[in-house]
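Data block below; observations after.
We count residues from 1, following the sequence as given. Please read these numbers as outputs of a predicted model, since none were measured by experiment.
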Amino acid sequence: MSVKRVVMVVDMQQGVFATPRFQREQCVSRINQLTHAADTVIFIQHTEAGGLEEGSDGYRLLPELDQPAGAFYVTKTACDAFYKTTLSDLLSEQGIEQFVICGCATDYCVDSTLKNGVSRGYHITVAEDAHTTANRPAAQAQVLINHYNDVWRTFTAPDNPPVVKPTETILTDWKAN
């Protein structure tokens with residue numbers, strides 16, 4: 001029996017992208033490739049005052065991001081998508097133990113959700129070319145993306161290390177199953 005192909009898309013929202021993000025178009029294109037091939041898609045959306053209030057334009061997902069029928073939506077208030085949300089319950093109800101993660105922002109929400117998920121026992125693959133961030137005072141976005149891909153590749157989690165792969169490889173692996 002093949003494993004369910006699940007994609008978790010983090011914070012690809014209009015308000016988040018009010019701050020320019022590195023290679024937005026390429027990132028969205030790869031995320032769309034993943035969501036088209038997935039059995040289950042989970043969109044994570046951040047809410048907070050200042051433009052990301054639920055129902056606001058800023059809260060909405062990017063218009064160029066495809067939202068497959070039957071997708072799930074989880075609202076969060078912290079960087080970590082597991083923190084005081086329904087995400088764990090949703091994953092349990094759907095029988096999901098592994099997923100691909102992608103989205104924004106590499107150095108905040110993607111990173112904290114990935115690390116918490118691994119600690120909870122989920123088997124997580126990072127789509128290394130389908131997450132993005134903004135330039136920061138300490139480092140440019142491309143440096144941050146490369147840095148976090150390297151951190152995740154070497155992250156110590158006995159018996160459950162995250163896996164980091166290009167979107168094309170993930171899609172090829174899915175077709176083989």
Heavy-atom check, side chain of [X] versus side chain of [Y], under 4.5 Å:
{"X": "V41", "Y": "Q67", "value": "no"}
{"X": "I96", "Y": "T40", "value": "yes"}
{"X": "T77", "Y": "E48", "value": "no"}
{"X": "V28", "Y": "L62", "value": "yes"}
{"X": "P162", "Y": "K115", "value": "no"}

Quick one: which residue pairs count as a side chain to side chain donor-acceptor pair (under 3.5 Å) with a foot in residues 90-105, not counting sequence neighbours?
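The answer is none; no pair qualifies.
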
Any side-chain to backbone donor/acceptor pair from [X] onto [Y]? Under 3.5 Å, distance only.
{"X": "Q45", "Y": "R60", "result": "no"}
{"X": "T86", "Y": "D89", "result": "no"}
{"X": "D39", "Y": "R5", "result": "yes"}
{"X": "T132", "Y": "C104", "result": "no"}
{"X": "S112", "Y": "C79", "result": "yes"}
{"X": "T169", "Y": "K165", "result": "no"}
{"X": "N135", "Y": "A141", "result": "yes"}

What distance do [X] atom [atom1] and [Y] atom [atom2] have between them, rounded to the nearest 0.5 Å?
{"X": "S56", "Y": "Q13", "atom1": "OG", "atom2": "CD", "answer": "8.5 Å"}
{"X": "F72", "Y": "L90", "atom1": "CZ", "atom2": "CG", "answer": "5.5 Å"}
{"X": "D66", "Y": "L34", "atom1": "CG", "atom2": "CG", "answer": "12.0 Å"}
{"X": "I44", "Y": "T75", "atom1": "CD1", "atom2": "OG1", "answer": "8.5 Å"}
{"X": "L91", "Y": "M8", "atom1": "CG", "atom2": "CE", "answer": "5.0 Å"}
{"X": "T125", "Y": "I170", "atom1": "OG1", "atom2": "CD1", "answer": "6.0 Å"}

Going only through I, L, V, M, F, W and Y residues with side-chain contacts under 4.5 Å, is there a path from [X] to [Y]?
{"X": "V74", "Y": "V110", "value": "yes"}
{"X": "V151", "Y": "V164", "value": "yes"}
{"X": "V100", "Y": "L114", "value": "no"}
{"X": "I42", "Y": "L61", "value": "no"}
{"X": "F17", "Y": "V9", "value": "yes"}

Heavy-atom pair of closest approach, residues [X] and [Y]:
{"X": "G58", "Y": "L52", "value": "O-CD2, 3.3 Å"}
{"X": "A134", "Y": "P20", "value": "CB-O, 3.5 Å"}
{"X": "I124", "Y": "V118", "value": "CD1-N, 3.7 Å"}
{"X": "A81", "Y": "K76", "value": "CA-CD, 3.7 Å"}
{"X": "I145", "Y": "E128", "value": "CG2-O, 4.3 Å"}
{"X": "C102", "Y": "V7", "value": "SG-CG1, 3.7 Å"}

Between V126 and N149, does a side-chain contact (heavy atoms from CB on, under 4.5 Å) hold up when you go through it step by step?
CA-CA 8 Å; V126 179; N149 282 334; 4.2 Å; yes

Where do T167 and D129 land on the side-chain hydrogen bond (donor to acceptor under 3.5 Å, both in side chains) test, with the steps shown first?
CA-CA 6 Å; T167 297; D129 52 1; 2.6 Å; yes

For the pair F43 and Y73, name the ring-plane relationship: parallel under 30°, tilted 30 to 60°, perpendicular over 60°.
parallel

Show the numbers, then the answer: is there a side-chain contact (heavy atoms from CB on, under 4.5 Å) between D111 and T106?
CA-CA 6 Å; D111 179 60; T106 300; over 6 Å; no

Can you confirm whether the side chains of T133 and Y108 place a donor and an acceptor under 3.5 Å from each other?
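T133 vs Y108: no donor-acceptor pair found between side chains.
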
Could you tell me whether the side chains of R120 and N116 share a donor-acceptor contact shorter than 3.5 Å?
yes

Would Q33 and S29 satisfy side-chain contact (heavy atoms from CB on, under 4.5 Å), going step by step from the backbone distance to the final call?
CA-CA 6 Å; Q33 290 173 29; S29 174; 3.7 Å; yes

Can you name the residues that form a ring pair (Phe, Tyr, Trp, His ring centres under 6.0 Å) with Y83, not counting sequence neighbours?
none

Going through the checks in order, is the salt bridge (charged side-chain N to carboxylate O under 4.0 Å, His left out) test met by E168 and R30?
CA-CA 9 Å; E168 184 176 325; R30 290 183 185 111; over 6 Å; no

Please check if atom CD in E53 has more than 12 non-hydrogen atoms from other residues, nucleotides or ligands closer than 6.0 Å.
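It does: E53 CD has more than 12 such atoms within range.
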
Do any pairs count as a ring pair (Phe, Tyr, Trp, His ring centres under 6.0 Å) and have a residue in residues 126-161, sequence neighbours left out, and if so which ones?
H131-W152, Y148-W152

